[in-house]
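Working notes for the structure below.
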Amino acid sequence: MLGRGFPTRSGGFRPDNLGQNALAIIGNLFFTFFVIAVLVFTIIAATYEPEDPLFHPSTKLTNFLTSTSNATFVSDNNFVKTGEDFITANETAFGSSITVSDFTSNDTVIEPDELVEVKEARDCSGEIGKPIDCTDPEVFHLMMSAAIERFKDIHFYRFGKPVRGINDSSCHMAWRFRPKDGKAAALYKDYRSFVISRSSDCGLSVVRIGDYHSGGNARKRKKHQRPGFEKTPMGGPNSIQVVGESVNDSDSDSDSLPVVESEKSFDQGRYLLYNGGGDRCKSMDHYLWSFMCALGEAQFLNRTLVMDLSLCLSAIYTKSGRDEEGKDFRFYFDFEHLKESASVLDQGQFWSDWNKWHEKDGLSISLVEDFRVTPMKISGVKDTLIMRKFGSVEPDNYWYRVCEGEAESVIQRPWHMIWKSQRLMDIVSAIAAKMNWDFDSIHVVRGEKARNQQKWPNLAADTSPEAIIFSLQDKVEDGRDLYIATDEPDTSFFDPLKDKYSTHFLDEYNGLWDEKSEWYSEMKKLNNGVAVEFDGYMRASVDTEVFLRGKKQIETFNDLTTDCKDGINTCSSSAS
């Protein structure tokens, strides 16, 4: 064997084939890397969870609600956006609006030789003074036609069956609608009184239609009952706010606190509670940003959020200029929608149940005292209660710190669960209705910014009455109803505009929240018999919401002045 020669190399390793072999090897390597890259990209694409999609439609919303790892929070004290503000109005979500042709019929034709006989048969000279039958389909069709003809700037989506009004010639009827040029994804409910007369030839006519919410008898209805006329059902009823629905009827539990049905149900539940922190008495947008972080974590952990319904109103919204305790979440936000959308419990109710059963049933607590402990790290905790405890050092004791960094791409703030208070939105609807939903609006920022000429050198001059008239001359037609939302305390400042426009201000409608108003009585009842002030935050919220319902909307920093919203040299960041 030793004498044998070495085996000859195969043909593939001949010197003249080395170049071809090298190219083949390099080609195979590149193909391998390409396949690996495609696999990695596919895995990332399949597992990546983007930020809340609600933030994507507008870069302004993204900038407004952006939190960074160093806890920088961009605050805008003028207006707080909630879930309904992120929903784009889409006609398909509401269904088709109702027109007169939908419920009128011309199928019956009367021949000329029958006309005299019909007239004689319908001689109603003795019926004129008798009560109007509001349940008569002819009366129903007449009222619907009258409403559609009278209110040409709104679309109707549903009519409730009429009911008897305050006397024999009065009927009350409710309907759901939205303004024709409405930008908000919401429906509104109105119920009005109709005065109806009967002529000697049996003809019925509507003599008068009352003011907004004048038909109180049509307001109440039993649960799950949907009488009336509706062309097509509305799409997504759980995602569209209906402003003006009854909130304090005898059969309504919209303000009631959720309760656990039994000891067994409580023991089987899993809860998340945020305790302490530096968020209290901060601006409302700060509060919401933190609260939505807690709600988002509870959703991620599949736990019930134990929430404190008591709020402290920041001094920036109060007449006293001091922080004010004793406010209630339900004063400002739609608690009924929240408890229908998420699993929440009132903190007082929770601790009452916990003290009764936790020792007896061996319920356990997991205490988390560092915001850097991510929701992902505690997702496997089995204890009945996870309590996040926040210290006293700001800004590390802000609740929203939990949702920063690594958690930012995992915890999604469920904005669709938070809507503004139905009562406040009903005031907005009432103001718009008094202008027949046919008005233009202008938002005039003055106040401290107009006085600070170092940061806003042109604002005071650009928002003077003369300058406003000049800016509006090619934007708003003469004689139009013009709603002015402003922080200028002396509305007589705008008197020169009255020569060209019919001007309106928030305080013009203070009867909607004074001591004789429905809002006042409902809020007093909600607050255990203690009167509730229509505070600065409520004013700013209603003022801005009415502004947003104008057909043409003129902004201060986009339309009236060249100054930047946040001061000199900040226009690019403010607009982004």
- Residues two or more places apart in sequence or in another chain: which of them pass salt bridge (Lys or Arg N to Asp or Glu O under 4.0 Å) with Asp168? Arg164
- Query: Do Arg549 and Tyr188 get their side chains close enough for a donor-acceptor pair, meaning under 3.5 Å?
  - Reply: yes
- Task: Using a strict cut-off of less than 4.0 Å between a Lys/Arg side-chain nitrogen and an Asp/Glu carboxylate oxygen, indicate whether Asp514 and Lys516 qualify as a salt bridge.
- Result: no
- Flag the pair Lys551 and Asp438 as a salt bridge only when some basic side-chain nitrogen lies within less than 4.0 angstrom of an acidic carboxylate oxygen. yes
- Query: Taking everything shown except Lys475 itself, do over 12 heavy atoms lie less than 6.0 Å from its NZ?
  - Reply: yes
- Item | Lys282/Glu394 salt bridge by N-O under 4.0 Å criterion | yes
- Message: Is the ring pair Phe534/Trp513 parallel, tilted or perpendicular, if the boundaries are 30 and 60 degrees?
- Response: parallel
- Query: Should the pair Tyr398 and Tyr400 be assigned to parallel (<30°), tilted (30 to 60°) or perpendicular (>60°) ring geometry?
  - Reply: tilted
- May I ask you to say whether Arg280 pairs ionically with Glu325, meaning some side-chain N is under 4.0 Å from a carboxylate O? yes
- Take the angle between the ring planes of Phe329 and Phe335 and call it parallel below 30°, perpendicular above 60°, tilted in between. perpendicular
- Query: Looking at residues at least two apart in the chain, or sitting in another chain, which of them share a side chain to side chain contact (heavy atoms under 4.5 Å, CB included) with Glu508?
  - Reply: His504
- State whether Arg480 and Asp478 are salt-bridged, where the test is any N-O pair (Lys NZ or Arg NE/NH1/NH2 against Asp/Glu carboxylate O) under 4.0 Å. no
- Query: So among Lys525, Met523, Lys327, which one has a side chain to side chain contact (heavy atoms under 4.5 Å, CB included) with Val532?
  - Reply: Met523
- Return the orientation label for the Phe177 and Phe156 ring planes: parallel under 30°, perpendicular over 60°, tilted otherwise. tilted
- Do the ring planes of Tyr537 and Tyr317 sit parallel (below 30°), tilted (30 to 60°) or perpendicular (above 60°)? perpendicular
